[in-house]
Amino acid sequence: MDRTGITVFLLFLLAIIGCGRNERMDLLYAQRCLNCHGPGGRGDGPTALELPVGTPDFRETVQRKSTNQIRRIIADGRGVMPAFDPALRPAEINDLLQMVRFLSREGRDLAWWEKYDTLIAAHGSIPWESVLGYDDPPDGKGR
């Protein structure tokens with residue numbers, strides 16, 4: 001493998017590492033979503049059976065929605081799902097958005113993922129921590 005090939009491979013690995021789930025996402029999901037949506041986003045959380053309507057399976061619903069539509073559902077709520085906008089900062093809502101996307105893709109075969117290689121690399125190259133203000137101090141709203 002030549003120098004260019006090694007460089008491309010290393011950049012690809014860095015992009016994938018920087019684009020994965022993280023502890024912050026897992027914690028937010030566990031606190032806010034897991035009881036209804038379940039650990040894998042299948043709509044099988046411990047509270048889901050007690051709800052008057054079915055909880056959606058992310059594998060069936062997320063791919064049909066845009067990022068803005070999902071962000072709006074998380075922020076404003078939908079049906080029996082509460083609005084999280086008053087309780088979460090925009091960066092935290094984005095974390096939940098990304099977590100929902102990750103969960104909707106788990107268990108997919110390699111051919112399905114290959115369609116998104118370019119997108120994953122592009123997403124991973126953006127310094128999201130700075131862009132979304134993760135390093136900013138809390139805004140004093142009790143969030």
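It should be emphasised that the depicted structure is a prediction, and the values quoted were computed from it without experimental measurement. FYI, the numbering just counts along the sequence from 1.
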Participant: Find out whether V100 and H37 are in side-chain contact, i.e. whether some heavy atom of one side chain is under 4.5 Å from a heavy atom of the other.
Facilitator: no

Participant: Checking the side chain of R64 only, and the main-chain atoms of E60 only, is there a donor and an acceptor separated by less than 3.5 Å?
Facilitator: yes

Participant: For residues 44-58, which residue pairs qualify under side chain to side chain donor-acceptor pair (under 3.5 Å), counting only residues two or more places apart or in two chains?
Facilitator: D57-R59

Participant: For V53, what residues pass the side chain to side chain contact (heavy atoms under 4.5 Å, CB included) criterion, not counting sequence neighbours?
Facilitator: V80

Participant: Which heavy atom of A48 sits nearest to which heavy atom of C36, and what is that distance?
Facilitator: CB-O, 3.4 Å

Participant: Closest approach of K65 and I70, non-hydrogen atoms and distance?
Facilitator: CB-CG1, 3.8 Å

Participant: Search all heavy atoms of R72 against all heavy atoms of D76 and return the closest pair with its distance.
Facilitator: CD-OD2, 2.5 Å

Participant: Report the residues that fulfil side chain to side chain contact (heavy atoms under 4.5 Å, CB included) with I93, sequence neighbours left out, ordered by chain and then residue number.
Facilitator: R71, I74, A75, D85, L88

Participant: What side-chain donor-acceptor pairs closer than 3.5 Å can you find for residues 26-34, not counting sequence neighbours?
Facilitator:
unit_1 : atom_1 : unit_2 : atom_2 : d
D26    : OD1    : R21    : NE     : 3.0
D26    : OD1    : R21    : NH2    : 2.7
Y29    : OH     : G38    : O      : 2.6

Participant: Between atom CG of D95 and atom CZ of F102, what is the distance when rounded to the nearest 0.5 Å?
Facilitator: 10.0 Å

Participant: Under the rule for salt bridge (Lys or Arg N to Asp or Glu O under 4.0 Å), what residues qualify as partners of R78, not counting sequence neighbours?
Facilitator: none

Participant: For the atom pair CG (L51) and CE (M81), what is the distance rounded to the nearest 0.5 Å?
Facilitator: 12.0 Å

Participant: Going by heavy atoms in the side chains, are R24 and E92 under 4.5 Å from each other?
Facilitator: no

